[in-house]
Structure formats: C-alpha cells, structure tokens
Amino acid sequence: MSAAPTPFQNLAVRSLAAVWHPCTQMARAAVVPPLAIARGEGPWLLDVEGRRYFDANSSWWVNLFGHSDPGIHQAIKDQLDRLPHVMLAGCTHEPAVTLAEKLSALTQGALGHTFFASDGASAVEIALKMSFHSWKNQGLAQKKEFICLRNGYHGETIGALAVTDVAIFRDAYEPLLMQAHLVASPDSRHEGSEALALADLRRTLSQRQGQVAAVILEPLVQCAAGMVMHSPAYLRSVRALCDEFEVHLIADEIAVGCGRTGTFFAWEQTHEGLSGDPVKHWPDFITLSKGISGGTLPLSLVLSTEAVFQSFWSDEVARGFLHSHSYTGNPLACAAANAVLDRFAQAQVVAQNQIQAQHLRQALAPLAQDPRVQHWRQRGMVVAFDVVGKHDRFAERFHQAARQHELLIRPIGQTVYVMPPYLIDAATAQFLFEGIRRSLNEVVHG
Ligand SMILES: *Cc1c(COP(=O)(O)O)cnc(C)c1O
C-alpha cells in the first residue's frame with residue numbers, strides 16, 4: 001500500500017499536469033519536481049509543508065528587498081483601492097508620472113523620457129524599434145542593423161532573441177531571427193579580452209558604417225551567460241566608439257540595474273573621474289525591469305534621451321512611436337516601483353549594499369581557494385564561480401543538493417552564483433557559504 005501524497009507532492013503533480021513551466025524541459029521537471037511554495041518572508045520561501053529555502057537568486061533576480069516587504073505591499077494596496085489600471089494613451093496618472101520623473105532625476109536628466117512596458121523582453125524590443133525609427137525619422141533609414149555581444153542575453157521574444165547569444169535559448173529559433181552582428185565579449189576570465197572585444201567592435205562598426213542603428217549590451221555583468229564580468233573602462237570605450245560611428249548605445253540594465261552592481265545604474269560606474277556635460281556620458285537608451293518593482297508586479301521601461309525623443313516630435317502621427325502594450329504603465333506596478341525608489345532614497349540602499357557586498361566577499365571568498373573552483377568573481381551583490389572539470393547534469397544536481405541545505409540556487413551550466421535580496425548580514429552570508437560548500441561536497445568529490 002503506497003502512502004497518500006503529501007500536500008507538497010500533490011501540488012507538484014497537479015502543476016506538472018496543467019502548468020507548462022518556463023525555461024524547463026518538462027520531462028526533467030517530472031524527475032526534479034518544482035518546489036510547491038506557499039509563502040515568502042524576507043529572503044525565505046516557505047513550501048506548503050513549512051520547509052524553508054533561502055532565495056539566493058532573488059527569484060530570477062527580481063526580488064530586491066525580500067518577499068512580502070510591508071512598505072512595497074502598502075504602496076500597492078493604497079493604489080489598488082484608488083486605481084488599479086487605466087490606459088496610458090490619452091490618459092495619465094500620478095504613479096507613472098512620478099516614476100518617470102524620479103528616473104529622469106537619477107540620470108541627471110540625461111534620460112528624461114520613459115516609455116513603459118511590462119516585461120524585460122518587451123523593453124528590449126522597444127529600444128530596438130525606437131533606435132531604428134529615430135534614425136529613420138532623421139532620414140537615415142539605412143541604419144537598421146544591430147550589434148550585440150557574444151554571451152549577451154536580452155530576452156526571448158523574437159526580436160530580443162535576435163540580439164541574444166545564449167545557444168540553449170536561441171538555436172531552435174535561429175531560422176526565425178533577424179540577423180544581428182555578434183562581436184567578441186569582454187570576459188574578465190580571459191586576459192586581454194577587453195582589448196580584443198573593442199577591436200572587434202571597431203572592425204564591425206567600420207565595416208558596417210552607416211548601416212548600424214545601435215549597439216546593445218549588458219553593462220558590467222552578462223548575467224544569463226553565467227555572470228560574465230567586465231570593467232567600466234570597457235564601457236567607456238564602447239560609448240566613445242558609438243559616438244565616433246554615430247550609432248546608439250542601448251544599455252540593458254534589466255538585471256544589473258537597481259543597485260545590483262554597487263550603483264543604482266551599473267552605467268554610473270563609468271562616470272568615475274569624468275567631468276563635463278553628464279548627458280554625453282550616458283547611453284542613449286537604458287532598459288529596466290526585474291528589480292524595479294521589487295519582485296511584486298511585472299513592469300519594464302525604456303529611458304531615452306532628449307535627442308531621441310525630439311526625433312519623433314512631429315505633426316505627422318506616423319513619425320510618432322506608436323508601440324503599445326495593454327498594461328503599459330500599469331498604476332499598481334508603477335506604485336510598487338515608486339516605493340522601491342523611495343526605499344533607495346530613504347534607506348541609502350546603495351551605500352548599504354556596499355556593506356552587504358563586503359559580507360558576501362568575506363564569507364564566500366574561501367571558495368576561491370577551493371581546487372574544484374575557478375574564476376571566483378564579484379561585482380556588488382553578484383558573486384559567481386565556475387566549477388572545474390565536466391560534471392554530468394551539474395546544475396540540476398547542485399540545485400537539488402542545495403535544497404537539502406535550505407538554499408534555492410540554480411547554477412547556469414557549471415557557474416554557481418548568488419544574487420540575493422539586499423538583506424545580507426554576516427550571518428546570512430555565512431549561511432550561504434555553508435550551503436554552497438556542502439552542496440559542492442555532495443556533487444563534486446574533492
Ligand atoms: C531577464 C532579462 C531580460 C528579459 O526580461 P524578461 O522580463 O524575462 O522578458 C532582458 N535582458 C536582460 C539583461 C535580462 O537579464
């Protein structure tokens with residue numbers, strides 16, 4: 001006689017029958033069933049039977065201040081009772097206006113125009129379309145090509161996938177995709193790679209002179225490729241090349257924005273030591289999503305410059321940017337984002353993160369000495385390392401082992417990383433270290 005399924009098993013089985021899980025081979029999910037989560041409290045996720053898991057990847061990098069943050073929840077509840085939604089064409093509302101104003105101020109007015117959408121991939125689509133259309137409105141319709149980086153990730157809709165270079169997401173759809181130019185990735189794991197990457201970019205820009213609309217990249221950390229890092233100096237050189245060849249620069253800060261790398265925008269780290277007109281030192285577009293609503297509601301947006309905005313200004317309707325999504329600028333999501341930005345201002349989140357990043361460094365750095373580990377690296381609240389050798393189904397096995405140590409962690413290939421909520425103190429950093437060390441011991445015998 002077999003035992004009745006537990007509530008945990010029951011929900012997992014129903015889920016596998018009815019829910020098609022994202023980024024998942026469903027046949028594998030039958031072997032490694034999804035965690036049946038009932039509640040979230042701070043950095044912890046609690047399953048339906050009361051076991052807990054530390055959300056070390058911030059639920060796909062969206063959750064900045066932990067789950068069930070009372071301040072963000074209150075902002076959503078207040079907005080819910082006033083106005084859950086209204087269309088943003090022909091109407092406007094306080095949460096959207098306030099949010100756009102705040103984001104403009106965070107870029108010293110350099111990126112003073114906010115276009116709203118719901119998911120990261122749609123923000124990327126918008127930036128690509130806007131760049132092309134802006135050149136077209138200026139009589140330069142031949143500027144219609146895009147340059148992206150090896151290892152880059154910009155989302156999985158067809159346009160965003162075209163500028164993405166992660167084989168596992170891309171290969172099946174290759175025949176459907178517009179052709180973009182791939183240039184070498186700056187990858188701190190390989191010496192000299194930044195110089196090579198810049199030379200490759202210069203070569204491509206000069207070969208395609210007059211045909212390129214924009215370069216798109218993830219500043220400082222190429223996250224989805226496995227936390228591949230580069231320096232602010234590389235980004236400064238890219239900005240200069242984009243100016244030289246008169247192409248737009250799209251900084252996709254969907255993952256690295258909102259304080260993740262040690263500044264509110266990762267791009268700000270390129271400003272150190274620069275003087276003069278700040279407007280010149282920003283990208284032409286920044287995309288934001290993920291953390292902006294603190295892990296509560298889907299929201300994405302594209303920030304753009306005065307020059308881009310002006311290129312659409314006309315009596316002619318078709319010269320306008322006519323893109324839209326039904327939930328564009330949703331007031332609940334904007335209210336959540338405003339609460340997130342208020343938190344940054346009031347709690348000095350960026351300064352606090354520097355302390356938290358130091359806790360992570362101290363606790364996790366011993367892993368760098370482990371012979372099974374290579375390329376230990378950190379940028380702000382992102383810590384990663386690669387596991388040496390080839391290990392069958394490493395990511396899945398590590399993930400399963402970590403669950404047993406109350407840790408929710410999903411390696412990318414053989415890259416183990418933590419990207420935790422901004423709630424790290426010495427004790428939680430030590431907890432992460434212990435969980436990772438034990439999981440590693442179980443999966444890779446030293
Ligand atoms: C997650 C991500 C996206 C796509 O965002 P979705 O909301 O998943 O569509 C785009 N760019 C980067 C850099 C991302 O990390």
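Order of listing sets the numbers, starting from 1, for every ligand and every atom in it.
- Applying the salt bridge (Lys or Arg N to Asp or Glu O under 4.0 Å) test to pairs two or more places apart or on separate chains, those with a residue in residues 163-182 are Arg150-Asp165, Arg170-Glu174.
- Arg202 places a side-chain heavy atom less than 4.5 Å from the side chain of Glu244.
- Taking the six-membered ring for Trp and the full ring otherwise, the centers of Trp44 and Phe54 sit less than 6.0 Å from each other.
- No close placement of the Tyr327 and His325 rings is indicated, their centers lying 6.0 Å or farther apart.
- Near ligand 1, residues Trp61, Asp119, Gly120, Ala121, Tyr153, His154, Gly155, Glu218, Asp252, Ile254, Ala255, Lys290 each place a heavy atom inside the 4.0 Å sphere around the ligand atoms.
- The only member of Glu268, Arg379, Glu253, Gln269 that meets side chain to side chain donor-acceptor pair (under 3.5 Å) when paired with Thr261 is Gln269.
- The aromatic rings of Trp135 and His248 sit parallel, their planes meeting at an angle under 30°, below the 60° perpendicular limit.
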